[in-house]
Amino acid sequence: MRHDSLLDSVGNTPLVGLPRLSPSPDVRLWAKLEDQNPTGSIKDRAALAMIFRAEKEGLLRPGCTILEPTSGNTGISLAMAARLRGYRMVCVMPENTSEERKQLLRMWGSEIISSPAAGGSNEAVRVAKEVAADHPDWVMLYQYGNPANAQAHYEGTGPEILADLPDVTHFVAGLGTTGTLMGVGRFFREHKPEVRMVAAEPRYGELVYGLRNLDEGFVPELYDETLIDARFSVGPRDAVRRVRELIDSEGIFAGISTGAILHAALAQAAKSVKAGERADICFIVCDGGWKYLSTGAYEGTVDEAEEALDGQLWA
Amino acid sequence: MAIEVRVPTILRTYTGGEKAVQTSGGTLAEAIDALEADHTGLRDRLLDDGQVRKFINVYVNDEDVRFSGGMQTPLSDGDTVVILPAVAGG
């Protein structure tokens, strides 16, 4: 397919069936391959939408500095687009993220401010807000509260799924900024309200939940719980097991968070089989496994991988 | 009837430093009442006006109770309740 530039090629990702992992001809799983976006993750959609909106509103002009708290993918997407459109990029990223993510950010020209491992992305958000206060001329697009993040999925991801899979019954995605589920959720609530929205939330090691007090907890401003129907917490053991199953059975090499999403999708598939219902379950492959090779998730026993991931922000 | 409750670091001052404690009850509300009897003060940290606090998530067998019956979520022997502070992703 021909595009005028790389930025024009974001979205319209393939939807592929999973004939081996689907439990029966009546209960089928479908993977939306978001790793096939330009920087290799679903975040290209949100990053571009946020930049385009900020340009349209006059917030971003050539030479501006963009600041963003990120655990990796959003920063990588923003850095690529920032380079092409003439902005300086500064990411605030927790130090317990994989080395590949840091290298990729630097490669696309981003500067990195490290935030403490304890507290995970909550700390990155807190530090970024402090940095923003010190640099009022910098533009923080703020993926957790920027409506353009969810809108990208309302206008792109959702309609693409409905066009490719008109009989879709369930949509399963990860819950980070909540942008994917909020946008796709709102699209289906309006266009096919019977589609059930299922969230898979990564459950990290204790370090990541090491807040000083509960008021430091964080719920993204975008989050509207009426747009989802079920929410599962998935630990590293299940995520690793599923990500390896996806490679072994279907040949798809995905990142660890996709393992967590597949775990929730397979749980839904089992429920549908038990209830004797037809189901076409679409889930998101957020990114490929490349950025996580150094975490140890893809080698050795599942026990070893689980231990290696403890304390890391693996999604 | 034994229910295991996993407690985040930040609330272990109420459980004498224990990561996981046992409780009982046929619903989440009953289990939290039973928990309060052994670990005074914990209920107030979890609930506000009878509902789970905004920055707390409670899961029964990995499913968020806000979508599976709230405080009336049924519990059976061997179920696991996980309590976690809300954290960001992305």
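Proteins get letters first, then strands, A, B, ... in listed order; numbering begins at 1 in each.
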Worksheet item: Is the count of non-hydrogen atoms from other residues, nucleotides or ligands lying under 6.0 Å from A/E307 atom CD greater than 12?
Response: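 Open.
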Nearest 0.5 Å, what's the [atom1]-[atom2] distance between [X] and [Y]?
X: A/E206; Y: B/R12; atom1: CD; atom2: CZ; value: 4.0 Å
X: A/Y209; Y: B/I83; atom1: OH; atom2: CD1; value: 13.5 Å
X: B/L84; Y: A/S233; atom1: CG; atom2: OG; value: 6.0 Å

Side chain, backbone, both or neither: which part of [X] has a non-hydrogen atom closer than 4.5 Å to chain A?
X: B/R45; value: both
X: B/K54; value: both
X: B/T9; value: side chain
X: B/N61; value: neither

Just wondering, do [Y] and [X] contact through their side chains at under 4.5 Å, heavy atoms?
X: A/R231; Y: B/Y59; result: yes
X: B/F55; Y: A/V219; result: yes
X: B/F67; Y: A/D229; result: no

Discussion item. Given heavy-atom pairs under 4.5 angstrom as the criterion, report whether the side chain, backbone, both or neither of A/I228 touches chain B.
Written reply: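 Both backbone and side chain of A/I228 come within 4.5 Å of chain B.
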Discussion item. Need one label for A/E201: side chain, backbone, both or neither, based on atoms under 4.5 Å from any heavy atom in chain B.
Written reply: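 For A/E201, the contact with chain B is made by the side chain alone.
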Worksheet item: Which atom pair, heavy atoms only, marks the closest approach of A/N122 to B/V87?
Response: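 Reported closest heavy-atom pair: OD1-CA, 3.2 Å.
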Practice prompt. Heavy atoms only, distances under 4.5 angstrom: which of B/E63, B/R66, B/R53 has the most pairs with chain A? Name it, please.
Written response: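 Highest number of pairs under 4.5 Å: B/E63.
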